[in-house]
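Have a look at the structure below before the remarks.
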Amino acid sequence: MLTLTLGPLAFPVTPLLLLASVLLAQQLGAWVLRRDAVAAAALKDQIFHAALLGLLVARLAHCSKRAAAHTRTFGALWISVTADG
């Protein structure tokens, strides 16, 4: 995995590229719709919500694909937290 190192901070490149592409799509959409401010703002919101929904669906797909590993790792921790609390 590629990382971008800035002093003591290390950022993975893939999420930064996703963020840059979402921001670029928002700015390009606003530029295309520059005569209609309401439509441009709505487009920016739709692009943001589409990216957020895509990340959520990808995370759910990843967790469902590896459900056995997640329950094996976190199941005992969840039981111990709820039993003590």
Side-chain angles (χ1 to χ4, degrees):
M1 177 189 272
L2 294 173
T3 58
L4 175 66
T5 306
L6 296 172
L9 302 175
F11 299 104
V13 173
T14 307
L16 291 177
L17 288 175
L18 176 66
L19 177 65
S21 66
V22 168
L23 292 176
L24 180 66
Q26 286 180 334
Q27 292 304 317
L28 182 63
W31 181 74
V32 168
L33 296 172
R34 62 186 173 270
R35 297 193 196 284
D36 189 3
V38 175
L43 181 67
K44 282 186 174 186
D45 287 342
Q46 289 174 351
I47 290 171
F48 175 75
H49 289 130
L52 193 62
L53 181 64
L55 287 174
L56 179 64
V57 169
R59 183 63 185 164
L60 288 174
H62 172 76
C63 290
S64 66
K65 187 176 178 182
R66 303 193 189 326
H70 286 292
T71 56
R72 186 173 48 241
T73 304
F74 299 114
L77 177 65
W78 178 253
I79 290 169
S80 68
V81 168
T82 57
D84 291 340

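This is a predicted model, so every value here is computed, not measured. Numbering of residues begins at 1 and proceeds along the displayed sequence.
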(request) State yes or no: do Leu4 and Leu9 share one hydrophobic cluster built from I, L, V, M, F, W and Y residues joined by side-chain heavy-atom distances below 4.5 Å, directly or via other members? (result)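 Yes: a chain of side-chain contacts under 4.5 Å links Leu4 to Leu9.
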(message) Side-chain heavy atoms nearer than 4.5 Å, only ILVMFWY residues, links allowed to pass through others: does that put Leu16 and Leu6 together?
(response)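 Linked, Leu16 and Leu6 end up in one cluster.
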Taking atom [atom1] of [X] and atom [atom2] of [Y], what is their separation to the nearest 0.5 Å?
X	Y	atom1	atom2	result
Gln27	Ile47	CD	CD1	9.5 Å
Leu52	Asp45	CG	CG	12.0 Å
Thr14	Leu2	OG1	CG	7.0 Å

Shortest non-hydrogen contact between [X] and [Y], atoms and distance:
X	Y	answer
Ala61	Ser64	O-OG, 3.0 Å
Ala30	Ala40	CA-CB, 4.0 Å
Pro15	Pro12	CD-O, 3.5 Å

(message) In the structure I gave you, are the side-chain heavy atoms of Val32 and Leu43 within less than 4.5 Å of one another anywhere?
(response)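 With C-beta onward as the side chain, the pair stays apart.
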(request) Report the residue from Leu23, Leu18, Leu24, Leu17 that forms a side-chain contact (heavy atoms from CB on, under 4.5 Å) with Ser21. (result)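 Of the listed residues Leu23, Leu18, Leu24, Leu17, the side-chain contact (heavy atoms from CB on, under 4.5 Å) partner of Ser21 is Leu18.
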(request) Count the heavy atoms of every other residue, nucleotide or ligand shown that sit under 6.0 Å from CZ of Arg35, and state whether that count exceeds 12. (result)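 No, the 6.0 Å shell around CZ holds no more than 12 heavy atoms from other groups.
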